[in-house]
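Just below is one structure, and these are the notes that go with it.
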2 protein chains.
Amino acid sequence: MMNNTKNFDKSREQNSLESAEDYTELIYDLISLKGEARVVDIAASLGISHVTAIRTISRLEKKGFLITKSRSPITLTKKGTSLALFSKNRHQTLLKFLLFIGVPKQVAEKDVEGMEHHVSKTTLKTIESYMGQHT
Amino acid sequence: MMNNTKNFDKSREQNSLESAEDYTELIYDLISLKGEARVVDIAASLGISHVTAIRTISRLEKKGFLITKSRSPITLTKKGTSLALFSKNRHQTLLKFLLFIGVPKQVAEKDVEGMEHHVSKTTLKTIESYMGQHT
DNA sequence: ATGTTAATGTAGCCTAGGCTACAAAGCTAG
DNA sequence: CTAGCTTTGTAGCCTAGGCTACATTAACAT
Ligand SMILES: [Mn+2]
Ligand SMILES: [Mn+2]
Ligand SMILES: [Mn+2]
Ligand SMILES: [Mn+2]
């Protein structure tokens, strides 16, 4: 107890990456599946208004994750693609793990969407290794 | 992919409970350990300014989790105590689980602080049962 | 008893993420 | 080719959660 300052801090810092992770992951998937990522589809997939999507996307552009061109589909930068791939992999691994220990699929899919953003690389590695040994 | 609207939604809704969970848990611990919970200690423990702590605490009071009295220590309502106990238990369980699968203590303690808020009751139960069977 | 320090509170500013209402641009059918 | 949807964009508002600077209150020590 007490003196967990750093843990809380980290938890909050990381939060600023959550959007980047969810958006890049989603944009990557939209491009794979539909050929392009449009604001409308992003907003629909995230269950938010297109206005909110536009503003978040514009922030992510400033941070170098993606590129927008007025009334054109959104594309990921190298940095954005990296983050998307990393996020997709982590999402996948965590989902598999929850299923592995017996969490029902519906629940696992819901929980992973939030949990994923707080799983460190070390924990991810540990999960992978644990599943490897317990098959 | 696509159509994960509800999962994202849930992930965001739940977010509004995060503060309540962290604050009630912390206040509960402060009372146990120091005999009372004061703004200064809450702010220090969370690594934020006392001003931010005061404002969040006042929001939590409006939501019925705690009671403040000018320049007096903070107390938890029944609702707040319930949430604290639930959060502490969930924190404990998740931490034990991460340690169980081999995550180093420092890392586990950091990750759990964020992850805990996204672990559903179903997943928590699953974790407990899994650990019970694999001891 | 009073001066200093510590704790609490207020004012006012910022960013991220939400929203509605409205405006403009672009596609698509008829 | 133009009328009407669809998509994108803008203006302006809100809340949560951050902050600094300053004010006030309470506690403590000399
Ligand atoms: Mn997510
Ligand atoms: Mn995800
Ligand atoms: Mn926490
Ligand atoms: Mn906790």
Side-chain angles (χ1 to χ4, degrees), chain A residues 5-27 30-31 34-75 113-114 117, chain B residues 5-27 30-31 34-75 113-114 117:
Chain A
T5 304
K6 274 187 202 105
N7 293 342
F8 279 111
D9 277 356
K10 280 285 165 49
S11 177
R12 299 221 149 71
E13 273 168 40
Q14 238 167 352
N15 228 49
S16 70
L17 268 180
E18 275 196 44
S19 278
E21 291 171 349
D22 282 338
Y23 275 72
T24 54
E25 195 180 333
L26 176 56
I27 289 164
L30 283 168
I31 292 173
K34 299 199 151 190
E36 58 178 31
R38 313 236 50 146
V39 170
V40 173
D41 301 309
I42 293 168
S45 285
L46 295 176
I48 58 178
S49 76
H50 77 280
V51 182
T52 301
I54 283 171
R55 281 177 51 254
T56 302
I57 287 164
S58 135
R59 268 178 229 126
L60 295 178
E61 183 170 34
K62 277 181 201 116
K63 292 182 185 159
F65 292 108
L66 50 82
I67 295 174
T68 66
K69 227 191 76 189
S70 206
R71 315 217 171 227
S72 301
I74 289 137
T75 55
E113 205 52 72
H117 306 288
Chain B
T5 306
K6 274 188 203 104
N7 293 344
F8 279 110
D9 277 356
K10 280 286 166 49
S11 176
R12 298 219 150 71
E13 273 167 42
Q14 241 166 352
N15 228 49
S16 68
L17 269 179
E18 274 194 47
S19 278
E21 291 170 350
D22 282 339
Y23 276 71
T24 55
E25 194 180 334
L26 176 57
I27 289 165
L30 284 168
I31 292 173
K34 298 198 152 188
E36 58 177 31
R38 315 239 42 150
V39 169
V40 171
D41 301 310
I42 294 168
S45 286
L46 295 176
I48 59 179
S49 76
H50 77 280
V51 182
T52 300
I54 284 172
R55 282 178 50 253
T56 302
I57 286 164
S58 134
R59 268 177 229 127
L60 295 180
E61 183 171 33
K62 278 182 199 114
K63 293 184 183 157
F65 291 107
L66 50 82
I67 295 175
T68 66
K69 228 191 73 186
S70 203
R71 312 211 175 233
S72 301
I74 289 139
T75 55
E113 207 52 73
H117 307 288

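Within every chain, numbering begins at 1; the chains are lettered A, B, ... in the order of the sequence lines, protein sequences first and strands thereafter. We use all heavy atoms of the structure for the numbers below, so side chains are in, but hydrogens, waters and symmetry mates are not.
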Legend entry - Face-to-face stacking of A/H50 with D/dT7, centres under 5.5 angstrom, angle under 30°: no
Inset, instruction - Respond yes when some side-chain nitrogen or oxygen of A/S70 is under 4.0 Å from OP1 or OP2 of C/dA25, and no when none is. - result: no
Legend entry - Spacing of B/I48 atom CD1 relative to D/dG18 atom C1', expressed in whole Å: 8 Å
Inset, instruction - Please determine if a side-chain N or O atom of B/T52 lies less than 4.0 Å away from the OP1 or OP2 oxygen of D/dC19. - result: yes
Inset, instruction - Calculate, to the nearest 0.5 Å, the distance between atoms CZ and CZ belonging to B/R59 and B/F65 respectively. - result: 13.0 Å
Inset, instruction - Can you figure out which of D/dT7, D/dG17, C/dG9 approaches the side chain of B/R55 most closely? - result: D/dG17
Legend entry - Side chain of A/V51 - closest among C/dC19, C/dG17, C/dA11: C/dC19
Legend entry - Spacing between B/K62 atom NZ and D/dG17 atom P, to the nearest angstrom: 12 Å
Legend entry - Distance in angstrom units between B/L60 CG and D/dA16 C1', rounded: 11 Å
Legend entry - Nucleotide C/dT8, atom C1' - distance to CG of B/D41 in whole Å: 13 Å
Legend entry - A/R38 vs D/dT7: side-chain N/O to OP1/OP2 distance below 4.0 Å: no
Legend entry - Check: B/E36 side chain, B/P73 main-chain N or O, donor-acceptor pair, under 3.5 Å: no
Inset, instruction - Report the distance from atom CZ of B/F65 to atom P of D/dA16, rounded to the nearest whole Å. - result: 12 Å
Inset, instruction - Answer yes or no: does a side-chain N or O of B/S49 lie under 4.0 Å from OP1 or OP2 of D/dG18? - result: no
Legend entry - Value rounded to 0.5 Å, distance of OG in B/S45 from CD1 in B/I27: 10.5 Å
Inset, instruction - Starting at atom CD1 of B/I42, determine the distance to atom P of D/dG17, rounded to an integer number of angstrom. - result: 14 Å
Legend entry - Protein-nucleotide distance (A/I54, atom CD1; D/dT8, atom P), rounded to Å: 7 Å
Inset, instruction - Using whole Å, report how far CD1 of A/I57 lies from P of D/dT7. - result: 14 Å
Inset, instruction - Examine C/dT15: is either OP1 or OP2 under 4.0 Å from a nitrogen or oxygen in the side chain of A/R59? Give yes or no. - result: no
Legend entry - Gap separating the CG atom of B/L30 from the CZ atom of B/R38, nearest 0.5 angstrom: 11.5 Å
Legend entry - N/O donor-acceptor pair under 3.5 Å between B/T56 side chain and B/A53 backbone: no
